[in-house]
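Structure first, commentary second.
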Number of protein chains: 4
Amino acid sequence: MADTAKRADPPVRKRADARRNEQALLDAAATVFVASGVQAPVREIAAQAGVGMGTIYRHFPTRADLIIAVYRHQVQACVEAGPALLAAAETPHAALTQWIDRFVDFLVTKHGLAATLRADQQGFDTLIHYFLDRLVPVCAQLLQAAVDAGQISDDVDARELMRAIGNLSVGIEGDPDYDARRMAALLVAGLRVST
Amino acid sequence: MADTAKRADPPVRKRADARRNEQALLDAAATVFVASGVQAPVREIAAQAGVGMGTIYRHFPTRADLIIAVYRHQVQACVEAGPALLAAAETPHAALTQWIDRFVDFLVTKHGLAATLRADQQGFDTLIHYFLDRLVPVCAQLLQAAVDAGQISDDVDARELMRAIGNLSVGIEGDPDYDARRMAALLVAGLRVST
Amino acid sequence: MADTAKRADPPVRKRADARRNEQALLDAAATVFVASGVQAPVREIAAQAGVGMGTIYRHFPTRADLIIAVYRHQVQACVEAGPALLAAAETPHAALTQWIDRFVDFLVTKHGLAATLRADQQGFDTLIHYFLDRLVPVCAQLLQAAVDAGQISDDVDARELMRAIGNLSVGIEGDPDYDARRMAALLVAGLRVST
Amino acid sequence: MADTAKRADPPVRKRADARRNEQALLDAAATVFVASGVQAPVREIAAQAGVGMGTIYRHFPTRADLIIAVYRHQVQACVEAGPALLAAAETPHAALTQWIDRFVDFLVTKHGLAATLRADQQGFDTLIHYFLDRLVPVCAQLLQAAVDAGQISDDVDARELMRAIGNLSVGIEGDPDYDARRMAALLVAGLRVST
DNA sequence: TATGAATGAGTGTTCATTCAT
DNA sequence: GATGAATGAACACTCATTCAT
């Protein structure tokens, strides 16, 4: 048994450490992203986490990997909210509106994250695709439902809409008079077919 | 008149090369901004213009000065288009739509410029204000006309709208399926009061 | 005791190379200071030490930090020599003379260091204060002893004297016929009350 | 006559302009040297004089040439004061003291000039030699008179003394508690043979 | 001859990334 | 594995000096 323990424990122990580090990094990154944006220096994140910089590179080889990991849960929640809202809301368009609202909420509370949905940053393609790959299908489902209900025209692409919403949610902190949620709502309202 | 021209020219003459350089810089900057964004290294712009770096600093002490100079004419044209469209269009809302369309056109053809309308860049306040100070009043005039015509509700701030449009026009190049003009049109459509 | 040593060493071990680098930097800086003055380019010092520039900034964030580190030991030795000389010399004035001599010795062998005691360089206040804060009290003690012994008048300020000696020790290399020690001795001689 | 005028006048006219410029430059340099030291940017001096930078280079190819020209008159006055003081003062040593006092006065009122008497600045050899070549003989004369009068020992070199005084006069502005005149007087006092 | 625009080497400083310990 | 020291490319900015006008 001692033998078994010896063989089994160390890897587990290591993994325990590693996991602790990974979690520390995620927490630290979340904090730093809020304070300094997702482009914050690697050092800053490492320092906040209390680990070496090498540890970041081990767990998250690219910055995109780290950002994805930081927001994975919230993205997932957003994904899951789609069908739920569709089931609960009075109309598909109302569900869409609420879901977009939720998405904007998510973006604006994560300083700088929305900026990563922009395409002109080199190296962020991975990141953009990760988010869009997960959220676009949900959005598409909501859109389709609204189309089927005759509430909106069928000529809007889910991906394009997500990009637009992402853009609208950019750079909030500097301007307290800019309400991304409101702007997004206007855009969604613009989707309606005149009846 | 020829005489007058002759007398007026000399003071300007001295800068024949200087003006050539200034224009070369503006052209170079416009090109580089498209290729690498408005944050492109000073050296790159200087190289593209075929001048030394010091020359940039002489003509445009800060980056904002250069960006403003690059887009000054186009901004002015945009400003002047407002009243013209208002006079020509069938309804105020149509004028607004067309003007926004023109604004987006301007932004999306100038890679990276739209990004400067974001607030989270330090040191770009001057720039943002320059653009907004000129365009917001025009937008406000168009909005008010539409409000007066009962076409849209009166609860939209011109500055907020400009910011939204600016955001929608960000990061186009990476995604050929994203049509900023369309998205902007949707947002403007969303302004309409249901009749 | 071997055990204690073993336990004490490890925390220091990790920095085996760092310490080597730090020492290399101190040596290199001392050399370069002699050749090019304390204002020598950071790159030159890094090259002389065979390290990257970042390494200098890691170890010595400001230039003053580096200069202080380079001369710390010698300043300390000078500080400690004061009381020793006072105890050993025949008279307080003799002790003062010898101590000043030692100080000049220190300064003239460190090219450019004396120049840092000048006040007209911006950003060197820290440095000047570091040196003066340590040496002025010693000088004051020696002065007071001489005053008490009736050898010199009591109207000389230690800080002022240090500044004067520092100035006298400046810019030696260019003129082999200039003997700072001699000049300093004359000044100290001038302190004597005529008897 | 018209011919003569044509040939003779233009060069004279030109010289009048050139002289005006030269004087303007000297005035400007004197002003700027006080404000920013003798190492002030060429541009600053040109701007103060209201001329182009090329004009400075035409009149004063090197910085040393400009500095020399700026202080030529005062140096000359200092030179002439030597014999005068020797004739007027009670003793040669008193004359020496007064002359040194005058020299220090000259230096400390010219910000940064004293620093140029230091040898560790590259390219200032010309400057140093210009000043010393003129002042050392005067100092030597005063020293010799004092030696002849038995007031001071004969082992002090005039050039060395001038260098020492120059050094003592360096970097005054930053320290209101440093009195260069006093320090110089102490040094001169130290020259006296004990009687 | 005067001007001042242009040049570009020089310098400080930051920070992503690697790798010896 | 984890650490964080080291690297060095990248960049902004200054200013002495040259030279076209």
Side-chain angles (χ1 to χ4, degrees), chain A residues 10-11 13-15 17-18 20-21 25 39-47 49-59 61-63 123, chain B residues 10 13-22 24-25 39-44 46-47 49-59 61-63 123, chain C residues 10 13-22 24-25 39-47 49-59 61-63 123, chain D residues 10-11 13-15 17-18 20-21 39-47 49-59 61-63 123:
Chain A
R13 279 275 290 280
K14 287 274 180 186
R15 202 174 281 166
D17 284 13
R20 210 183 335 273
N21 272 137
L25 273 170
Q39 292 284 18
V42 179
R43 267 181 179 69
E44 202 177 323
I45 300 166
V51 304
M53 290 170 308
T55 306
I56 290 191
Y57 282 93
R58 167 169 300 275
H59 288 284
T62 74
R63 188 178 289 268
Chain B
R13 266 276 288 292
K14 203 46 189 287
R15 277 171 185 158
D17 59 328
R19 269 219 248 168
R20 208 182 340 270
N21 271 130
E22 183 159 331
L25 274 170
Q39 292 285 19
V42 177
R43 268 181 179 72
E44 197 177 328
V51 303
M53 293 171 311
T55 305
I56 292 192
Y57 285 96
R58 166 175 294 275
H59 289 284
T62 74
R63 188 178 291 269
Chain C
R13 266 278 287 293
K14 200 50 186 287
R15 278 172 186 160
D17 60 329
R19 270 221 247 167
R20 207 181 345 268
N21 270 131
E22 184 160 331
L25 273 171
Q39 292 285 19
V42 178
R43 272 179 177 73
E44 196 177 331
I45 299 166
V51 303
M53 292 172 311
T55 307
I56 291 192
Y57 284 95
R58 166 174 293 274
H59 289 283
T62 74
R63 190 177 288 270
Chain D
R13 280 275 291 281
K14 288 276 179 187
R15 202 172 282 163
D17 282 13
R20 209 182 340 269
N21 272 138
Q39 294 284 18
V42 178
R43 265 180 182 68
E44 202 176 324
I45 299 166
V51 304
M53 291 171 308
T55 306
I56 292 192
Y57 282 94
R58 168 170 300 274
H59 288 285
T62 73
R63 189 179 288 270

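Residue numbers begin at 1 in each chain, while the letters A, B, ... track the order of the sequences.
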OP1 or OP2 of [N] sitting under 4.0 Å from any side-chain N/O of [X]?
X	N	result
Thr55(D)	dA2(E)	no
Asn21(C)	dA6(F)	yes
His59(A)	dG1(F)	no

>> Let's test this: given Watson-Crick or G-U wobble pairing with both distances under 3.5 Å, identify the partner of dA2(E).
In response: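 Matched dA2(E) with dT21(F) under the 3.5 Å cut-off.
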Compare every heavy atom of [Y] with every heavy atom of [X], then report the nearest pair and how far apart it is.
X	Y	answer
Arg63(C)	Gln39(C)	NH1-C, 3.4 Å
Ile56(B)	Val42(B)	CD1-O, 3.6 Å
Leu25(C)	Ala49(C)	CD2-CB, 3.8 Å

Write down the distance between [atom1] ([X]) and [atom2] ([N]), rounded to a whole number of angstrom.
X	N	atom1	atom2	answer
Arg58(D)	dA20(F)	CZ	P	15 Å
Leu25(A)	dG4(F)	CG	P	13 Å
Ile56(B)	dG8(E)	CD1	P	13 Å
Ile45(C)	dT11(E)	CD1	C1'	12 Å

Pairwise N/O distances under 3.5 Å, protein to nucleotides 16-19 of chain E:
unit_1	atom_1	unit_2	atom_2	d
dA16(E)	OP2	Val42(A)	N	3.1
dA16(E)	N7	Arg43(A)	NH1	3.3
dA16(E)	N6	Arg43(A)	NH2	3.3
dT17(E)	OP2	Tyr57(A)	OH	3.3

